[in-house]
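Before any comments, here is the structure.
The figures that follow rest on heavy atoms only: side chains count, while hydrogens, waters and symmetry mates do not. Owing to the predicted nature of the structure, the values given are computational and were not obtained by experimental measurement.
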Number of protein chains: 2
Amino acid sequence: MSEHTNKQFHSDLETTRSLFLQMGGVVEAMVQEGMEALSSGDLSLVDRVREREKDVNRLEVEIDELIGLLIARNQPTAIDLRLLLSVSKMLTDMERCGDEAEKIAKMARRLHESETPYVPVIELRHMASHVATMIRDALDSFAREDPVHAAMVVRNDKDVDKEWKASLRHVITYMIEDPRTISRSIDLIFIARSLERIGDHAKNMAERVIYMVRGDDVRHTGVKNTERTARGGVPDEENEI
Amino acid sequence: MSEHTNKQFHSDLETTRSLFLQMGGVVEAMVQEGMEALSSGDLSLVDRVREREKDVNRLEVEIDELIGLLIARNQPTAIDLRLLLSVSKMLTDMERCGDEAEKIAKMARRLHESETPYVPVIELRHMASHVATMIRDALDSFAREDPVHAAMVVRNDKDVDKEWKASLRHVITYMIEDPRTISRSIDLIFIARSLERIGDHAKNMAERVIYMVRGDDVRHTGVKNTERTARGGVPDEENEI
């Protein structure tokens, strides 16, 4: 690669990174606005989320195109290639987080427009702020190339799963006590489910960050080795499954 | 590329394709066995699905590794690169189909092991065979590099969405009529939801096949142009959103 091509390539890599971070910022806002629409009943937020979803789709296609172009043109290897392949995978998860946020916003509209006034039977704000933080932490670990921070996101997903199961039990109890709430309760279950999915996608992205920085595929092995070697330890031979 | 390297590269591409098709075959079997466990109560099938899930995870990691290696070593461009990038994305969808099938199998166990005998309140076999066919069609369109067949899978997803919504309405009616069924009905809702997700993943894979063969990203534009140009027409300038 000539010096000029090399410089251009590294500036294009930087563009890819910053476009992805921009996309992540939009998705994070969508999650917050979707939940805000649910709790406040401000339905202009629903329209805003739907607008943002188009931006997310546009960014997904644009970044994917750029990645294909950069690989074909510059034939990157090692960490540069891992960066591009990781962003390519993370894009899918990020776009799906946006989809889930849009589903939450649409549910919020339905709940607030129904004839029976919307009274929340369960509190989902904690879970929502938890998964929004996971998206932000996954983005931070990507921006700072920090596998230990990414490993924390992977671990956090277990708490989200617990919150999801607790919410589900809570809603089911409520439905059994007062069957008139069944329809609305099902909507709430889907909102909780969407939050749980967002947590899952954030975890997937964090796993890709670890792959990007370290070259280790931890998707089905856990993050113990990531944390151990970061503290100067030696990797464990055994998988952690 | 020397003739030898070139030959080796094309044989490696072939390996990638056939490993992915093998993974797809395993996932298709998982969906069928999960549903069979639900309808027959044969819980040995649940264990088989869980075993297969490990094979799927192993294949996912193995294929992804191969893809990274082939891109780094052989610096492919055009259709070869699109094949590798597409399989890389399809892998994720395929692995998640396997996850959903595993969830179905676990639900089947729960329903059949509960104290109240399991009586299906809704019929999900049609939807299940529909999405299993979508996986097979997505794989066929990939194996034959047939964008029109892939476009059909994308269209089929709308029918699955309709079936999902109808199932949901049906279960809700049932729960309201007989609140004692609430817990079990929620499990059925999740099974139907998993089937709907599998349909969605099959659609995503079909969209990637179109990208692989044609270089068109149809994820947010629809498949009308794919079908029109395949019949010898000219592509439409307008997006179909």
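Contacts between A:Glu65 and chain B at a heavy-atom distance below 4.5 Å are absent for every atom of the residue. When heavy atoms are compared at a cutoff of 4.5 Å, B:Ile67 does not approach chain A at all. Contacts between A:Leu91 and chain B at a heavy-atom distance below 4.5 Å involve the side chain alone, from C-beta outward. If you measure heavy-atom distances from A:Ile176 to chain B, the contacts under 4.5 Å come from both the backbone and the side chain. Only the side chain of A:Arg96 comes within contact range of chain B, with at least one heavy atom under 4.5 Å from a heavy atom of that chain. In this structure, chain A has a heavy atom under 4.5 Å from the side chain of B:Arg197, while its backbone stays farther away.
Both tests hold for B:Arg193 against A:Phe190: distance to the six-membered ring centre under 6.0 Å, angle to the ring axis within 45°. Judged by the 6.0 Å distance and 45° axis criteria, B:Arg73 is not positioned over the aromatic ring of B:Phe9. Cation-pi contact between A:Arg208 and A:Tyr211: present, with separation from the ring centre below 6.0 Å and deviation from the ring axis of at most 45°.
Contact count versus chain A (heavy atoms, under 4.5 Å) is highest, among B:Leu85, B:Leu81, B:Ile189, B:Thr92, for B:Leu81. Looking only at heavy-atom pairs under 4.5 Å with chain B, the residue among A:Asn57, A:Asp217, A:Thr77 that has the most is A:Asn57. If you tally non-hydrogen atom pairs under 4.5 Å between each of A:Arg58, A:Arg82, A:Glu60, A:Met175 and chain B, the highest count goes to A:Glu60. Of all the listed residues (A:Ala78, A:Pro179, A:Ser88, A:Gly68), the one sharing the greatest number of non-hydrogen pairs under 4.5 Å with chain B is A:Ser88.
Between B:Glu207 and B:Lys89 there is no salt bridge, since no side-chain N of the basic residue sits under 4.0 Å from a carboxylate O of the acidic one.
Between A:Met205 and A:Phe20, some side-chain heavy-atom pair lies under the 4.5 Å cut-off.
No side-chain donor-acceptor contact under 3.5 Å links B:Glu123 and B:His170.
Atoms CD1 and CD1, from A:Ile182 and B:Ile186 in turn, are 8.0 Å apart once rounded to the nearest 0.5 Å.
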